[in-house]
A.B. asks: 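This is the structure, below, for whatever I ask next.
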Amino acid sequence: MSETRGAGGAGERDTAASDIPPYRYTATLAGQIEPRWQDFWEENGTFHAPNPTGPLADASHPRAGAQKFFVMDMFPYPSGAGLHVGHPLGYIGTDSYGRYLRMAGRNVLHAMGFDAFGLPAEQYAVQTGTHPRKTTEANVERYRAQLRRLGLAYDDRRSVATTDVAFYRWTQWIFLRIFNSWYDTEQHRARPIADLISAFEAGARPTPDGRAWGELSPVEQRTVVNDHRLAYISEAPVNWCPGLGTVLANEEVTADGRSERGNFPVFRRSLKQWMMRITAYCDRLIDDLDTLDWPEPVKLMQRNWIGRSTGAHIDFAVGDQRGDFAVGDQRGDFAVGDQRGDSPTSAGPMRVFTTRPDTVFGATYMVMAPEHDLVDALVADAWPEGTKPAWTGGHANPREAVDAYRKFAAGKTEVERTAETRDKTGVFIGAFATNPATGEPIPIFIADYVLAGYGTGAIMAVPGQDERDWEFAEVFDLAIIRTVQPPEGFEGKAYLGEGPAINSASPTAGLSVDGLGVADAKAKTIEWLEANSAGQGAVTYRLRDWLFSRQRYWGEPFPIVFDETGLPIALPETMLPLELPDIDDFSPKTFDPNDADTSPETPLSRAREWVEVELDLGDGPKRYTRETNTMPQWAGSCWYELRYLDPTNDASFVDLENERYWMGPQSPSDSGGVDLYVGGVEHAVLHLLYARFWHKVLYDLGHITSFEPFRRLFNQGYIQAYAYSDERGMYVPAEEVSEVVEGGTTSYYYGEKKVKREYGKMGKSLKNVVTPDDMCAAYGADTFRVYEMSMGPLDVSRPWETRAVVGSYRFLQRVWRLVVDEATGEPRVVDVEIDPETERLLHRTIAGVRADMDGLRFNTSIAKLIELTNRATSVTAGGTPRALAEPLVLMTAPFAPHLAEELWQRMGHEHSLAYEPFPVADPALLVAESVTYPVQVNGKVRGRIEVAAEASEDEVRAAALAEVASALDGRDPRKVIVVVGRMVSVVV
RNA sequence: GCCCGGCUAGUCCAAUUGGAGAGACGCCGCACUUAGGAUGCGGAGGCUGUGGGUUCGAGUCCCUCGCCGGGUACCA
């Protein structure tokens, strides 16, 4: 070893080679050790986890039948840019945790996969003419190599990519299960569609129009069945994004109406698309959150996204003149998952949804969304007598006013609407509704503060108990009636709180809730509404069904064909996988991003020879047309955790017994699921909601035993980076910027130039990217791992600082030096006793490290190891006691596995330490022999006493009082507080 | 606007139920070196964002304000 220089790292760049002891732990040495152990682990299958059954079962494995632990990361999309140092933070965390648990006796399953379908590969393909599969596979290989270099203990047999045909075969299979299922609202679960058909055939379930099942034509029967499927085609308003050339799910559209990916404008268009009936699961998706060990903010975001509101539908009779009211038929209950926009279409009653039916007596006007279907039917020809000037918007008649307002509302972008500080706008439509409780006519307005997309698109306005309604009432000079008594001294406007109902009685209507609290008043009002056919209790949700089709090439094809009726038919499972056709022109048609009047066109539709197909689906060979949409990128990530369990299974997506072992419930009330799932919070509503939905369908159908996919979720923080820009706003290379502290303030210089620091993402354009490859070359993977884990708690975001990595490097060098003589390379571990004080520290460290590891507090765990190492360094000049070196190496192993394996071997062990028991503290050595108590007098420390650990409280008190006698100065202590093991406080 | 986090040394960050402020980077000094670096040893540096409250005692509990980050945005 004449040449020991690292690749320019670790501050050695100016050092003469001969000065460094030949056997020092350097980046070069790490670069030799690390690949060797990576090869060893791979060749020996060290991290293969045994299944209970199937090809991956192995009864001779040291952890066969042991208590399991399934740890997982959110798998990455393999982008062309490769990994930067921020990406592996969570992976190193789960790896360290998994290695620890494996040593602690658990059977640990940890695998990594790739979410490889998706837009970037396709966009790159369009630009370069490269097939997306080629780009994707190259990127996956690059990721695999980068991750392997970090020494992650994955079971490589279980790695999957969503683009593997063998994987998406099962994605398609699951789609077919969903397509062939319906939601039974009585049993509250998905059931096979065959059960529904049987029920129709037997007459046990009425058809929608009441005819006997046999009287329906085959096409009518199929249509009825299709309307119940959990995956269905619907013509409904969807998010059309011309810039991406595809439609998007609601979850993929930002609040200001743009695509989350690419930031293109999104337009509402009515199009025929595949939907997933996720709304059938609203209640379970909300209620089951309570069983999960997830960060509260994520649960909250899911609850908000699903948006369950409990209240009532109320029907208001309407008419265009006072006293002339059309009373229409009652509408039936809204089915769960009902798409809205389906408000009454004729001038029937005006149905509203409210969470406060108890305030109906305070409803002094009505508001519809400008787009509401009833507006055209109700708008009057002339302003009725008594119309206030403010109501007309200055227009000659209601029709003109409505047209003008609609134009005004439609012309505003979402951004403008929010920027306008919510000044209430709207216009009277010249018509009145009747308040069913008071019998009074109340005016109907249209206003954009009522959204077409929520509830029924219309509200009863109760200014007394609603801030928005109050504001509107003030602007338009409308009546305000309080129906809840605000508390004494209440000075606000609308009162939303608890209180007794007032002004809420009508002898003619037969309803009085006066004096009742809000909950009771609600219940009584709903009862009255139902008894008088004026409405009923109802629950609404903000969540809409999941738009599941995309007009892209690079996604899973739907295993669906259409026959001459245009109705979909599922391919039989024997025809799976349905592979993507290999076409030349896989580019989707994209459009001017701002052109709303365009329509999607699928790349697959151009593959005519694939689309037009002759198949025998049981009725003999017939011509069919294939579905040409593909599934969204989320499809593969909805179930990949299950495939890790049984990746080679050809007969099933996962064997039930394997699933039960790895993910099954651990107690009667347990949801089951992955034991620890680590990933970024950005998937709080998208991936995590979709994956829960699919999991529940599979659970309902009996394919799995867990009813939630991820029992415990942990959101890791992000590693961000500083970027520096000069006075022109140009970014300068971050690694060349120096920090200067002048008089308490810190400035940053690039050469002579002062530069401005900002904090944000790592990216090429900001000139602040640092890659794990750089760090491995400069310090080795172990140093990189230790640094990432010691920077701070896993859930906190922090800035990357290459400068500070050297601290972790020095720590590992000290550990190495404890075991290996730097001059000779010989072990310097000796079989002597540890001095008692160091031994106590060792056991305190063991106990502390275990507790920290269990709590995912890797940073403090490492701090304790550093303390122990520093202590050991200073007391082991003649050699390191084996009883100290071995536990230290074992405890370091989860973070610096290559170094630990190497040292373990050099200490004379033949086998990998991956399955060595993690050190256990001796409780006898955890208690100190003596305790130092600070003694406070009136809150200030005036002395210290050292007493035996088992000293009684009285002894401590006596010693303390003696110690501070001079400070007491003869005064009598009023009170003496002894906190055993902690301190003494004297009050005079 | 509303809802969550967070604020401890020049920097990143520790501190079980309230009970003498971990670790790392950087900085300074000493040893080893022709020197520098590396390594070893030692050291300095903090009225815990502001103002109040509860307590014998507050980084920790309560309230006010300020700053930073995230989510959400008229959801009836």
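First the proteins, then the strands, lettered A, B, ... as listed; each starts at 1.
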A.B. asks: State, without any angle test, whether A:D358 and A:T525 hold a side-chain donor-acceptor pair at a distance under 3.5 Å.
C.D. replies: no

A.B. asks: Expressed in whole Å, how much space separates the C1' atoms belonging to B:G59 and B:G1?
C.D. replies: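 Looking at atom C1' only, B:G59 and B:G1 are 31 Å apart.
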
A.B. asks: So which nucleotide from B:C12, B:C74, B:G26 ends up closest to the side chain of A:D448?
C.D. replies: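 Minimum distance to the A:D448 side chain belongs to B:C74.
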
A.B. asks: With respect to the side chain of A:R857, which nucleotide from B:A15, B:A14, B:G23 is positioned closest?
C.D. replies: B:A15

A.B. asks: Pick the nucleotide of RNA chain B nearest each of A:V984 and A:K975; which residue has the one closer to the 5' end?
C.D. replies: A:V984

A.B. asks: Taking atom P in both B:U16 and B:C2, compute the distance separating them and give it to the nearest angstrom.
C.D. replies: 32 Å

A.B. asks: Is B:G57 paired to anything, Watson-Crick or G-U wobble with both distances less than 3.5 Å, and if yes, which nucleotide?
C.D. replies: none

A.B. asks: Should B:G40 form a Watson-Crick or G-U wobble pair with both distances under 3.5 Å, which nucleotide is its partner?
C.D. replies: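 Check on B:G40: paired to B:C30, both distances under 3.5 Å.
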
A.B. asks: Please determine, for B:G45, whether a Watson-Crick or G-U wobble partner exists with both distances under 3.5 Å, and give it or none.
C.D. replies: none

A.B. asks: Quick check: are there more than 12 heavy atoms from other residues, nucleotides or ligands sitting under 6.0 Å from CD of A:E682?
C.D. replies: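 Enclosed.
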
A.B. asks: Quick one: is A:R814 getting a side-chain N or O under 4.0 Å of the B:G40 phosphate, OP1 or OP2?
C.D. replies: yes

A.B. asks: When you compare B:A9 with B:U48, how far apart are their P atoms, in angstrom units rounded to a whole number?
C.D. replies: 10 Å

A.B. asks: Reckon A:R542 has a side-chain N or O less than 4.0 Å from the OP1 or OP2 of B:A73?
C.D. replies: yes

A.B. asks: What's the verdict on side-chain contact (heavy atoms from CB on, under 4.5 Å) for A:M366 and A:I442, showing C-alpha distance, side-chain angles and the deciding distance?
C.D. replies: CA-CA 7 Å; A:M366 309 288 288; A:I442 55 178; 3.7 Å; yes

A.B. asks: Using ring pair (Phe, Tyr, Trp, His ring centres under 6.0 Å), reason through A:F472 and A:F445 one step at a time and then give a plain yes or no.
C.D. replies: CA-CA 10 Å; A:F472 191 87; A:F445 285 74; 5.4 Å; yes

A.B. asks: Look at A:Q813 and B:U39 and indicate whether a side-chain polar atom (N or O) is within less than 4.0 Å of OP1 or OP2.
C.D. replies: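 The answer is yes; a side-chain N or O of A:Q813 sits under 4.0 Å from OP1 or OP2.
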
A.B. asks: What integer distance in Å separates A:Q716:CD from B:G69:P?
C.D. replies: 20 Å

A.B. asks: Have a look at A:Y787 and tell me which of A:F858, A:Y809, A:W800, A:F895 forms a ring-ring contact (aromatic ring centres under 6.0 Å, His included) with it.
C.D. replies: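 Of the listed residues A:F858, A:Y809, A:W800, A:F895, the ring-ring contact (aromatic ring centres under 6.0 Å, His included) partner of A:Y787 is A:W800.
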
A.B. asks: Given B:C13, B:C56, B:A73, which nucleotide is nearest the side-chain atoms of A:P793?
C.D. replies: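 The listed nucleotide nearest to A:P793's side chain is B:C13.
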
A.B. asks: Using a heavy-atom cut-off of under 4.0 Å over every strand shown, decide if A:T354 touches base, sugar-phosphate, or nothing.
C.D. replies: sugar-phosphate

A.B. asks: My understanding is that a pair needs two contacts under 3.5 Å, Watson-Crick or G-U wobble. By that rule, which nucleotide pairs with B:C25?
C.D. replies: B:G10

A.B. asks: When rounded to the nearest Å, what value does the distance between P atoms of B:G42 and B:C25 take?
C.D. replies: 14 Å

A.B. asks: Under the criterion salt bridge (charged side-chain N to carboxylate O under 4.0 Å, His left out), I'd like the reasoning laid out for A:K299 against A:E296: C-alpha separation, chi angles, the key distance, then a yes or no.
C.D. replies: CA-CA 5 Å; A:K299 289 188 183 184; A:E296 276 308 316; 3.7 Å; yes

A.B. asks: What is the distance, to the nearest angstrom, from the CG atom on A:D852 to the C1' atom on B:A15?
C.D. replies: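 The distance from CG of A:D852 to C1' of B:A15 comes to 11 Å, rounded to the nearest Å.
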
A.B. asks: What is the distance, to the nearest angstrom, from the NZ atom on A:K522 to the C1' atom on B:A76?
C.D. replies: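 Between C1' of B:A76 and NZ of A:K522: 12 Å.
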
A.B. asks: Strictly by Watson-Crick or wobble contacts shorter than 3.5 Å, is anything paired with B:G18, and which nucleotide is it?
C.D. replies: none

A.B. asks: If you check every side-chain atom of A:N859, which of B:G19, B:A14, B:U39 has the closest atom?
C.D. replies: B:A14

A.B. asks: Side-chain N or O of A:R810 less than 4.0 angstrom from OP1 or OP2 on B:G26?
C.D. replies: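 Yes, such a contact exists.
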
A.B. asks: Quick one: which of B:A76, B:U39, B:G23 gets closest to the side chain of A:E867?
C.D. replies: B:G23

A.B. asks: Would you measure the distance from the C1' atom in B:A15 across to the matching atom in B:A58 and give it in whole Å?
C.D. replies: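 Comparing C1' positions in B:A15 and B:A58 gives a spacing of 13 Å.
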
A.B. asks: For B:G1, give its Watson-Crick or G-U wobble partner with both distances under 3.5 Å, or none.
C.D. replies: B:U72

A.B. asks: How long is the line joining CZ of A:R24 and C1' of B:A38, in whole Å?
C.D. replies: 6 Å

A.B. asks: What is the distance from CE of A:M366 to P of B:A76, rounded to the nearest Å?
C.D. replies: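 In whole Å, B:A76 P and A:M366 CE are 16 Å from each other.
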
A.B. asks: Counting the atoms with a prime plus P, OP1 and OP2 as sugar-phosphate, which does A:A863 contact under 4.0 Å by heavy atoms, base, sugar-phosphate, or nothing?
C.D. replies: base

A.B. asks: Go through B:C25, B:C12, B:A14 for me and flag the one nearest to the A:P799 side chain.
C.D. replies: B:C12

A.B. asks: Salt bridge or not between A:E953 and A:R957? Use side-chain N to carboxylate O under 4.0 Å.
C.D. replies: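 Looking at A:R957 together with A:E953, the answer is yes, because their closest N to O distance falls below 4.0 Å.
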
A.B. asks: Think A:N870 has a side-chain N or O under 4.0 angstrom from the OP1 or OP2 of B:A24?
C.D. replies: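 Yes, A:N870 has a side-chain N/O under 4.0 Å of OP1/OP2 on B:A24.
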
A.B. asks: Using the P atom as the reference point in each nucleotide, state the distance between B:C47 and B:C75 in Å, no decimals.
C.D. replies: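 Taking atom P in both B:C47 and B:C75, they lie 47 Å apart.
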
A.B. asks: When you compare B:U50 with B:C7, how far apart are their P atoms, in angstrom units rounded to a whole number?
C.D. replies: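 It comes out at 13 Å once rounded to the nearest Å.
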
A.B. asks: Nearest of B:C41, B:C74, B:C25 to any side-chain atom of A:R468?
C.D. replies: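 Per side-chain heavy atoms of A:R468, the pick is B:C74.
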
A.B. asks: Rounded to whole angstroms, how far apart are CD1 on A:I866 and C1' on B:C25?
C.D. replies: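 For the pair A:I866 CD1 and B:C25 C1', the rounded distance is 11 Å.
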
A.B. asks: Quick check: on RNA chain B, is the nucleotide nearest A:S309 upstream (toward 5') of the one nearest A:M301, or the reverse? Name the residue that is more 5'.
C.D. replies: A:M301

A.B. asks: Using the C1' atom as the reference point in each nucleotide, state the distance between B:G18 and B:G29 in Å, no decimals.
C.D. replies: 39 Å

A.B. asks: Taking atom P of B:A76 as reference, at what distance in whole Å does atom NZ of A:K424 sit?
C.D. replies: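 Going from A:K424 (NZ) to B:A76 (P), I get 14 Å.
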
A.B. asks: Rounded off to whole Å, could you give me the CH2-to-P distance for the A:W305 and B:A73 pair?
C.D. replies: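 Checked: the CH2 to P distance equals 7 Å.
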
A.B. asks: Looking at every non-hydrogen atom in both residues, tell me the closest pair between A:N715 and A:V298 and how far apart they are.
C.D. replies: OD1-CG2, 3.1 Å

